[in-house]
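Have a look at the structure below, then the notes.
When reading the values below, keep in mind they use all heavy atoms of this one structure, side chains included, and skip hydrogens, waters and symmetry mates. Just so it is clear, the model here is predicted, and its values are computed rather than measured.
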Amino acid sequence: MTAPEQYASVRYLVDDVQAAVDFYTTHLGFTLNTSAAPAFADVVRGPLRLLLSGPTSSGARATPTDATTPGRNRIHLIVESLDAEIDRLRGSGVSFRSDAISGPGGRQILLADPAGNLIELFQPARRTGPAPATP
């Protein structure tokens, strides 16, 4: 297990900890860090530590009942090729919550984990022109 202070952590409340672990490790490149399923597990990807708290976890029990549904916040995962990720995930049976959209910063699409928490896959726009000067 890696020291938690090496990560930026986000907590997601989930209905089924093992289903969430399977989803994130199978489809999105996370690795299991610790498991106390069915109450809790955490998975990591780079500097992100995602805390998956089941209904019996202290994180879920401390949450007011009017704030227990998945919110509009989401984790943001940068991908090299959005189209390739969409094809790969659709081929694995994952469905999306939005269409791919483009903006000045890049392209994105939303999907949800088994509990309904949102995940944004984001491909940054390719920058052209000279590199910015360094101070």
Looking only at non-hydrogen atoms, find the nearest pair between [X] and [Y] and report the distance.
X: Pro55; Y: Ala60; answer: O-CB, 3.8 Å
X: Ala37; Y: Gln18; answer: CB-OE1, 4.3 Å
X: Asp15; Y: Ala115; answer: N-CB, 3.9 Å
X: Ala125; Y: Pro104; answer: CB-O, 3.8 Å

Side-chain heavy atoms under 4.5 angstrom apart, residues restricted to Ile, Leu, Val, Met, Phe, Trp, Tyr: same cluster for [X] and [Y]?
X: Ile109; Y: Val79; answer: yes
X: Leu51; Y: Phe23; answer: no
X: Val43; Y: Phe40; answer: no
X: Tyr12; Y: Leu110; answer: no
X: Val10; Y: Leu52; answer: yes

From [atom1] ([X]) to [atom2] ([Y]), nearest 0.5 Å:
X: Arg90; Y: Glu85; atom1: CZ; atom2: CD; result: 12.5 Å
X: Gln123; Y: Gln108; atom1: CD; atom2: CD; result: 11.5 Å
X: Arg88; Y: His27; atom1: CZ; atom2: NE2; result: 8.0 Å
X: Asp22; Y: Leu32; atom1: CG; atom2: CG; result: 9.5 Å
X: Ile119; Y: His76; atom1: CD1; atom2: NE2; result: 13.0 Å
X: Thr25; Y: Asn33; atom1: OG1; atom2: CG; result: 12.5 Å

Find out whether Ile101 and Ser98 are in side-chain contact, i.e. whether some heavy atom of one side chain is under 4.5 Å from a heavy atom of the other.
-> no
Taking the side chain as every heavy atom from C-beta outward, state whether Arg107 and Asp83 have any pair of such atoms under 4.5 Å apart.
-> yes
Among Asn117, Leu28, Leu48, which residue meets the side-chain contact (heavy atoms from CB on, under 4.5 Å) test with Ile75?
-> Leu48
With under 30° as parallel and over 60° as perpendicular, where do the rings of Phe30 and Tyr24 fit, or are they tilted in between?
-> perpendicular
Would the number of heavy atoms belonging to other residues, nucleotides or ligands and lying under 6.0 Å from CZ of Arg97 be above 12?
-> no
Is a donor on one side and an acceptor on the other found under 3.5 Å between the side chain of Arg74 and the backbone of Leu111?
-> no
